[in-house]
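Following: one structure in structure tokens, then a few remarks.
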Amino acid sequence: MTDKEIKLNVQGNAATVISETKLHKRFITVWNRKTRYDDGREIEWDVVGHDVPYPTFVTVFTFNSKKKTTCILKEYAQGTNEIKYTCVAGSYDRRKHNSALESAEHELSEEARLKNGKWINLLPEDQPDGISELKWGVNRFVPYLVIDPEEDPEPLARDNEEYIEVLNDVPVNDFKRFITLGQVMLPSVQTAWMALDYLSQHNYI
């Protein structure tokens, strides 16, 4: 017996959405979503995320072209009650940000206390709404690379709930090792992979 060939779909319309009901909303929203596959099967799911337009959030991989290092964070992860490594990341809040890029710039200042640099949007053209965060989540994010940011002497204030330590000048190979040890949040892994590929293609590393 062989599986039916399934076409890749990153546009968010792989199955027909029959109905969707909001079950809970606070910081995170939970929906009951009923979908139909093209073979006729109908399935109900719990899907979660932020009830906001796409993209939901941004991530930023920093790179120092002279030292060949990156700036990462140790940050509290409330879901698993852990401290994990992460790149700069934060929500794209339309009440505060005029664009996803401005959101990324603000997050870089708030979390890493850095500013400026050369910005590269790593989002694939066929995914304008962002890259999906989780199989069972609705959130999508825009990954950025910023080359040679500088210290921000007047960084923006962090959110009250954030618990962060900044780690400057982390060698890229060390960050790769953190990934292989399972110590890095997944959106940061995705962003780092794309950023390092860009840096390799453009002869930075």
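Since we're looking at a predicted model, the values are computed, not measured.
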Could you pull out all donor-acceptor pairs under 3.5 Å where a side-chain atom in residues 192-205 meets a protein atom, sequence neighbours excluded?
from, atom 1, to, atom 2, distance (Å)
D197, OD2, Q201, NE2, 2.7
H202, ND1, Y198, O, 2.9

For residues 112-122, run the donor-acceptor check on the side chains, cut-off 3.5 Å, and write out each pair with its distance to 0.1 Å, sequence neighbours left out.
from, atom 1, to, atom 2, distance (Å)
N116, ND2, E150, OE2, 3.2
W119, NE1, N116, O, 3.3
N121, OD1, L123, N, 2.8

Just distance, no hydrogens or angles: give the donor-acceptor pairs under 3.5 Å from side chains in residues 157-168, sequence neighbours left out.
from, atom 1, to, atom 2, distance (Å)
R158, NE, E110, O, 2.9
R158, NH2, E111, O, 2.9
E162, OE1, D159, N, 3.0

Run the side-chain donor-acceptor check on residues 86-94: report pairs under 3.5 Å with partners two or more places apart or on a different chain.
from, atom 1, to, atom 2, distance (Å)
T86, OG1, S188, OG, 3.0
D93, OD1, R95, N, 2.9
D93, OD1, R95, NE, 3.0
D93, OD2, R95, NE, 3.4
D93, OD2, R95, NH2, 2.9
R94, NH1, P53, O, 3.4
R94, NH1, P55, O, 3.0
R94, NH1, Y92, O, 3.0
R94, NH2, Y54, O, 2.7
R94, NH2, P55, O, 3.4

With a cut-off of 3.5 Å and sequence neighbours excluded, list every side-chain donor-acceptor pair involving residues 169-184.
from, atom 1, to, atom 2, distance (Å)
D169, OD1, T69, OG1, 3.3
D169, OD2, K67, NZ, 3.2
T180, OG1, R177, O, 2.8

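Checked by atom type, the side-chain pair T21/N32 shows no donor-acceptor distance below 3.5 Å.
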| request: Mind running side chain to side chain contact (heavy atoms under 4.5 Å, CB included) on T191 and V60 for me, showing each step along the way? | output: CA-CA 7 Å; T191 303; V60 184; over 6 Å; no
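Taking OH of Y144 as the start and OG1 of T59 as the end, the distance is 9.5 Å to the nearest 0.5 Å. From T70, atom OG1 reaches atom CZ of F63 across 8.5 Å, with rounding to the nearest 0.5 Å. For the atom pair CD (E20) and OG1 (T35), the distance works out to 10.5 Å, reported to the nearest 0.5 Å. Atom CG of residue D3 and atom CD1 of residue I6 lie 7.0 Å apart, to the nearest 0.5 angstrom. Here the straight-line distance linking atom OG of S132 with atom CD of Q127 works out to 7.0 Å at 0.5 Å rounding. A distance of 8.5 Å separates CE in M185 from CD in E75, rounded to the nearest 0.5 Å.
When the side chains of ILVMFWY residues are joined at heavy-atom separations under 4.5 Å, either directly or via intervening members, W45 and I18 end up in two distinct hydrophobic clusters. Following chains of ILVMFWY side-chain contacts shorter than 4.5 Å, one can reach L134 starting from I28, so the two form part of one hydrophobic cluster. Under the 4.5 Å side-chain heavy-atom criterion for Ile, Leu, Val, Met, Phe, Trp and Tyr, W31 and V52 are members of distinct hydrophobic clusters.
Not a single donor-acceptor pair under 3.5 Å links the side chain of T56 to the backbone N or O of F141. Not one N or O on the side chain of T29 forms a donor-acceptor pair closer than 3.5 Å with the backbone of K25.
Considering all non-hydrogen atoms of both residues, E125 and P128 come closest at O-CD, 3.7 Å. Of all heavy-atom pairs between P187 and E133, the closest is CG-CG, 4.0 Å. Closest heavy-atom contact between P149 and T62: CG-CB, 4.3 Å. The shortest heavy-atom contact between V138 and G49 is CG2-CA, 3.7 Å.
Checked against salt bridge (Lys or Arg N to Asp or Glu O under 4.0 Å), K22 has the following partners two or more places apart in sequence or in another chain: D51.
Other residues, nucleotides and ligands contribute at most 12 non-hydrogen atoms within 6.0 Å of the CD atom of E151.
Using a 4.5 Å heavy-atom cutoff, the side chains of N64 and C71 are not in contact. V48 places a side-chain heavy atom less than 4.5 Å from the side chain of W136.
In summary, E42 and K34 engage in a salt bridge, as defined by a charged side-chain N under 4.0 Å from a carboxylate O.
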